[in-house]
Number of protein chains: 2
Amino acid sequence: MTREPHSSDEKTSYDGSMSERVASELQHRIILSKIPVGTWLRHDAIAREFGISRTPVREALRIMAARGLVTIEPHRGARVNGQSVQDVLEIGVVRADLEGLAASLAAVHMDDEQAERMTSAWSSFAETLEQTGPREELAEHWIESNELFHSTILEASGNKYLQQAIADLRRKLPHNISFGAYAGSSRLIARNMAEHQMIAEAILAQDALKARDLMNAHIRKSVEATAHWINRKAPNTVR
Amino acid sequence: MTREPHSSDEKTSYDGSMSERVASELQHRIILSKIPVGTWLRHDAIAREFGISRTPVREALRIMAARGLVTIEPHRGARVNGQSVQDVLEIGVVRADLEGLAASLAAVHMDDEQAERMTSAWSSFAETLEQTGPREELAEHWIESNELFHSTILEASGNKYLQQAIADLRRKLPHNISFGAYAGSSRLIARNMAEHQMIAEAILAQDALKARDLMNAHIRKSVEATAHWINRKAPNTVR
DNA sequence: TAGACATCAGTTGCATCCAATCAGGTATGG
DNA sequence: CCATACCTGATTGGATGCAACTGATGTCTA
């Protein structure tokens with residue numbers, strides 16, 4: 001295959017290695033559930049899609065396996081991991097604890113710019129919550145605001161290992177899972193937002209203990225809601 | 001290279017893939033600091049040492065990079081990561097929190113067999129602490145007992161994601177770092193063991209809150225001692 | 001002598017080739 | 001008719017070859 005260094009198509013000149021690039025693209029798809037749980041990832045198919053050889057594809061799969069996204073069965077291939085309800089709960093317990101820690105650290109370390117971002121995350125969404133728009137759009141906007149809120153707090157914790165640990169956990173749950181639980185219920189979303197507000201206030205007041213407890217409870221509730229939704233609506237969507 | 005399937009040497013017939021095997025061997029060496037921080041890991045040298053080609057070596061390095069053990073610089077190679085004192089402290093905060101969580105979960109879930117193992121971890125060591133043996137041996141025995149104590153609690157937490165998260169963190173600190181802080185001071189070791197005993201009692205009494213707080217403080221102290229030791233004794237051993 | 005530039009050895013990144021292994025289907029014997 | 005052995009296509013695992021990139025050394029010039 002002849003390279004064209006000047007071409008602007010996606011496969012040339014990116015992050016250095018092809019394997020990293022393929023890994024993050026596939027990871028993206030898995031998290032968004034564009035690739036369903038249990039799918040076999042074939043070297044050849046992926047290689048052909050990306051217009052590369054199988055070598056970097058194999059490296060990408062190893063990376064994803066190390067990140068816990070897929071499991072490699074020797075001589076059989078790589079398969080997308082799924083989580084049972086039990087897994088969702090176990091991950092939730094750990095995540096609640098860590099995000100609680102992040103909130104307590106953020107209460108001490110957050111600067112003005114971050115405070116501004118955190119506040120705007122829920123206030124801008126609160127506006128659209130009042131206007132009655134289409135469901136789909138609402139949920140999408142919510143997920144975005146939610147993401148911004150949590151990631152800002154995480155950033156304000158100032159601890160990169162904490163950030164990474166939480167990122168690792170989040171990677172293990174395909175996003176649309178928790179998305180599904182909330183998309184259908186604006187009451188859940190409203191409660192969720194109210195909790196965000198209280199957490200934000202605790203952080204701004206530099207009340208580390210309160211911020212921690214509120215955040216912990218917040219995540220736990222969210223996880224429970226998710227688990228409940230999975231049980232009720234789609235018991236076999238996952239795994 | 002001709003393969004000899006019947007031979008019992010280490011490279012044939014193990015865990016399926018060569019890359020996994022190479023990755024764990026190198027990881028082992030890095031954690032034990034047999035390979036110093038900052039070392040470039042060369043494909044060719046590793047391949048020759050293991051008697052394999054560069055392909056599985058490259059995969060192993062990708063795995064290690066995903067685990068945070070090395071950093072791959074495009075077109076330059078993989079280099080062993082080190083941690084500054086700041087990193088040690090940041091990791092310590094997260095680890096203290098997670099191990100605290102593990103202790104509180106263990107207080108609820110621990111079964112008799114695990115309780116037995118946990119207790120024997122420090123009691124068997126307490127005996128040798130009284131006999132005045134050679135320093136080196138003492139420290140080695142201590143590290144073993146310490147390992148057993150913590151891993152048993154972790155196991156008793158019954159949460160595999162928690163276990164994995166802590167394992168990920170521990171991997172990031174070459175072991176001999178915290179080892180060094182303690183090896184020289186039997187007073188530190190004694191205090192450490194006393195704390196273990198208190199934690200064990202809280203767990204056995206099913207006092208989750210107390211177990212959590214004690215464990216959290218325990219790890220924090222240990223991390224501080226380590227950080228202090230690095231600053232005092234060997235400020236440029238790490239990074 | 002200092003700095004810019006060409007060259008070169010060493011190394012990585014990717015493609016291609018071959019061997020090893022697995023799953024599923026088919027033939028064969030009981 | 002069922003069970004077992006075997007054969008075959010599909011797929012992964014690993015080896016090798018070659019191009020591209022990096023850093024360093026040496027050379028030329030002002």
Side-chain angles (χ1 to χ4, degrees), chain A residues 1-26 30 35 38-67 69-81, chain B residues 1-26 35 38-66 69-81:
Chain A
M1 146 158 293
T2 41
R3 296 301 217 65
E4 300 170 19
H6 61 282
S7 87
S8 65
D9 72 316
E10 71 274 83
K11 72 171 170 297
T12 50
S13 78
Y14 181 69
D15 163 33
S17 68
M18 211 59 221
S19 23
E20 274 295 344
R21 180 157 164 59
V22 172
S24 34
E25 171 59 24
L26 292 179
I30 290 175
I35 305 177
T39 311
W40 288 103
L41 299 178
R42 299 294 170 201
H43 295 178
D44 208 41
I46 298 170
R48 232 169 319 115
E49 178 191 334
F50 285 84
I52 57 181
S53 86
R54 282 175 41 223
T55 309
V57 173
R58 293 184 41 199
E59 288 171 8
L61 293 176
R62 297 281 181 199
I63 293 171
M64 289 162 55
R67 289 179 181 164
L69 274 142
V70 303
T71 302
I72 293 182
E73 300 183 19
H75 292 286
R76 300 208 46 210
R79 184 204 301 246
V80 178
N81 284 335
Chain B
M1 139 157 295
T2 43
R3 295 303 218 63
E4 300 170 20
H6 61 282
S7 85
S8 65
D9 73 315
E10 70 276 80
K11 72 172 171 297
T12 51
S13 78
Y14 184 67
D15 165 32
S17 67
M18 212 60 221
S19 23
E20 273 296 344
R21 181 159 163 58
V22 172
S24 35
E25 171 58 25
L26 292 179
I35 305 177
T39 311
W40 287 104
L41 299 178
R42 299 292 170 203
H43 295 178
D44 208 41
I46 298 171
R48 235 170 317 118
E49 178 192 333
F50 285 85
I52 57 179
S53 84
R54 283 173 38 222
T55 309
V57 173
R58 288 171 45 91
E59 288 171 6
L61 293 176
R62 297 281 180 200
I63 292 171
M64 289 162 55
L69 276 141
V70 302
T71 302
I72 294 181
E73 300 183 21
H75 291 285
R76 301 209 44 210
R79 186 206 297 248
V80 178
N81 284 336

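Excluded from the calculations below are hydrogen atoms, water molecules and symmetry mates; all remaining heavy atoms, backbone and side chain alike, are included. Throughout, a chain's letter reflects where its sequence line sits, starting with A, and its residues are numbered from 1. Computed from a prediction, not measured in an experiment: that's the story for all the values here.
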Practice item. Using a cut-off of strictly less than 4.0 Å, decide whether B:H43 has a side-chain nitrogen or oxygen near OP1 or OP2 of C:dT11. Key: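 No, no such contact exists.
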Check your understanding: Is there a side-chain polar atom (N or O) of B:T55 under 4.0 Å from OP1 or OP2 of D:dG14?
Key ->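 Checking D:dG14 against B:T55, no side-chain N or O comes under 4.0 Å of OP1 or OP2.
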Review point. So do A:I52 and A:V22 actually touch side chain to side chain, heavy atoms under 4.5 Å?
Key: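 The answer is yes; the side chains approach within 4.5 Å.
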Point to revise | Flag side-chain contact, heavy atom, 4.5 Å: B:L61 against B:H43 | key: yes
Please enumerate all residues that pass side chain to side chain donor-acceptor pair (under 3.5 Å) together with [X], with sequence neighbours excluded.
X     : value
A:R48 : A:D44
B:R54 : none
B:T71 : B:N81

Just how far, in rounded Å, is [atom2] of [N] from [atom1] of [X]?
X     : N      : atom1 : atom2 : result
B:R79 : C:dT12 : CZ    : C1'   : 15 Å
A:M18 : D:dA19 : CE    : C1'   : 17 Å
B:W40 : C:dT12 : CH2   : P     : 9 Å
B:D44 : C:dA9  : CG    : C1'   : 14 Å
A:I46 : D:dT11 : CD1   : P     : 12 Å
A:R62 : D:dG14 : CZ    : P     : 7 Å
A:H75 : D:dA10 : NE2   : C1'   : 14 Å

With the criterion being N/O to N/O and under 3.5 Å, what pairs connect the protein with nucleotides 23-25 of chain D, and how long is each?
{"residue": "D:dG23", "atom": "OP1", "partner": "B:R76", "partner atom": "NE", "Å": "3.3"}
{"residue": "D:dG23", "atom": "OP1", "partner": "B:R76", "partner atom": "NH1", "Å": "3.4"}

By the 4.0 Å heavy-atom rule, please label [X] as base, sugar-phosphate, or nothing.
X     : result
B:L61 : nothing
B:R54 : base
A:R58 : base

Practice item. Output yes when B:E59 and B:R21 qualify as a salt bridge under the 4.0 Å nitrogen-oxygen rule, no when they do not. Key: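 The answer is no: the pair does not qualify as a salt bridge.
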Exercise for review: Note down the inter-axis angle between the two ends of the helix from C:dT1-D:dA30 to C:dG30-D:dC1, five pairs each, to the nearest 10°.
Suggested key: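 Overall, the helix from C:dT1-D:dA30 to C:dG30-D:dC1 bends by 0° from one end axis to the other.
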Exercise for review: Could you check which of D:dT16, D:dG13, C:dC14 has an atom nearest any side-chain atom of A:S19?
Suggested key: C:dC14
Exercise for review: Sort and list the pairs that fulfil salt bridge (Lys or Arg N to Asp or Glu O under 4.0 Å) and have at least one residue in residues 69-78 of chain B, not counting sequence neighbours.
Suggested key: B:E73-B:R76, B:E73-B:R79
